[in-house]
Amino acid sequence: MTKPPLTLYLAAPRGFCAGVDRAIKIVEMAIQKWGAPVYVRHEIVHNKFVVDALRDQGAVFVEELDDCPDDRPVIFSAHGVPKAVPAAAAKREMIYVDATCPLVSKVHIEAQRHADNGLQMIMIGHEGHPETIGTMGQLPEGEVLLVETVADVATVQVRDPARLAFVTQTTLSVDDTAGIVAALQARFPAIIGPHKEDICYATTNRQEAVKAMAPKCDAMLVVGAPNSSNSRRLVEVGARAGCTYSQLVQRAADIDWRALDGIGSMGITAGASAPEVLINEVIDAFRDRYDVTVEMVETAKEDVEFKVPRVLREPA
Ligand code: SF4
């Protein structure tokens with residue numbers, strides 16, 4: 001039977017970012033250095049495939065530091081942790097390695113600097129996301145006010161409108177965040193913030209590639225996890241850029257082939273925590289059913305790399 005033709009647009013950049021790459025390396029190098037088990041507080045990155053592969057190598061994933069024994073190393077996930085967590089590990093004299101992405105740590109430092117200057121902080125982020133919990137946890141409880149939407153900006157109660165600063169989660173929608181920042185600046189003209197926002201290069205680049213790709217596609221798939229903020233934003237960006245069927249899949253088995261019936265063009269991208277092996281699995285699933293022509297939609301080149309912490313570069 002002849003296969004129907006399909007143009008498969010592949011977004012670039014897509015998939016792993018430098019912070020995810022570094023976090024995975026940290027767990028692997030810690031297991032090499034100290035042997036298994038090595039404990040990891042929270043999923044090191046939001047991807048089940050990555051977590052399962054590390055578990056097979058000897059990582060044990062837990063939600064809280066209290067679930068770790070004193071005598072085994074513990075790693076903190078790429079999303080960052082409240083200050084109280086490393087403090088508690090130090091008090092218990094544990095070996096700990098912080099895999100917080102350096103671009104998240106930069107936001108932590110910003111928040112602390114503004115607080116040291118006597119400014120009250122507002123964070124633009126998603127409630128309950130580990131990065132938001134980690135960034136808000138850099139300052140005493142209640143010191144950072146969270147806003148998620150433009151509507152929240154209208155009701156947020158601040159101490160002094162003249163002494164305010166804001167930070168953002170790194171994996172937000174660039175366009176939504178611009179609207180929230182504009183609303184903050186309109187209500188609090190004296191508010192201080194980063195030049196634009198704290199959204200990282202990887203989130204920005206992946207969203208830009210989707211904006212360029214989506215209008216060409218009858219349908220679009222984002223390879224990523226349901227709890228991955230940047231992956232979910234890519235689905236929304238795709239839909240808003242004109243691709244009405246924009247869906248998240250964790251891997252090829254999740255593809256709803258019936259919904260794709262009759263398509264002639266397909267866009268594929270992946271969130272920052274999705275490994276290339278899963279993207280290839282999805283492409284192969286299309287090759288099984290269609291006569292595929294792959295076209296790259298490249299909007300940026302990335303060469304960012306982050307070093308692993310010194311303790312892992314030194315011999316045991
Ligand atoms: S998405 Fe951005 S902030 Fe998050 S780990 Fe990757 S580079 Fe770091």
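We count ligands from 1, going down the list as the structure has it; atoms in each ligand are counted the same way.
Shortest contact from atom 4 (Fe) of ligand 1 to any protein heavy atom: T170 OG1, 4.0 Å. Of the protein's heavy atoms, C200 SG, 2.2 Å lies nearest to atom 2 (Fe) of ligand 1.
At a threshold of 4.5 Å between non-hydrogen side-chain atoms, the residues V97 and P73 do not count as touching.
Here C17 fails the criterion, with no N, O or S atom under 2.8 Å of atom 2 (Fe) of ligand 1.
No side-chain donor from either of E131 and S229 sits under 3.5 Å from a side-chain acceptor of the other.
Here C101 has side-chain heavy atoms under 4.0 Å from ligand 1, and that is the only part of it that gets that close.
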Give the C-alpha distance, both sets of side-chain angles, the deciding distance and a yes or no for side-chain contact (heavy atoms from CB on, under 4.5 Å) between E276 and R14. CA-CA 9 Å; E276 193 69 12; R14 65 178 174 278; 3.0 Å; yes

Test log, rule side-chain contact (heavy atoms from CB on, under 4.5 Å), inputs I26 and L312: CA-CA 7 Å; I26 287 175; L312 292 172; 3.7 Å; yes

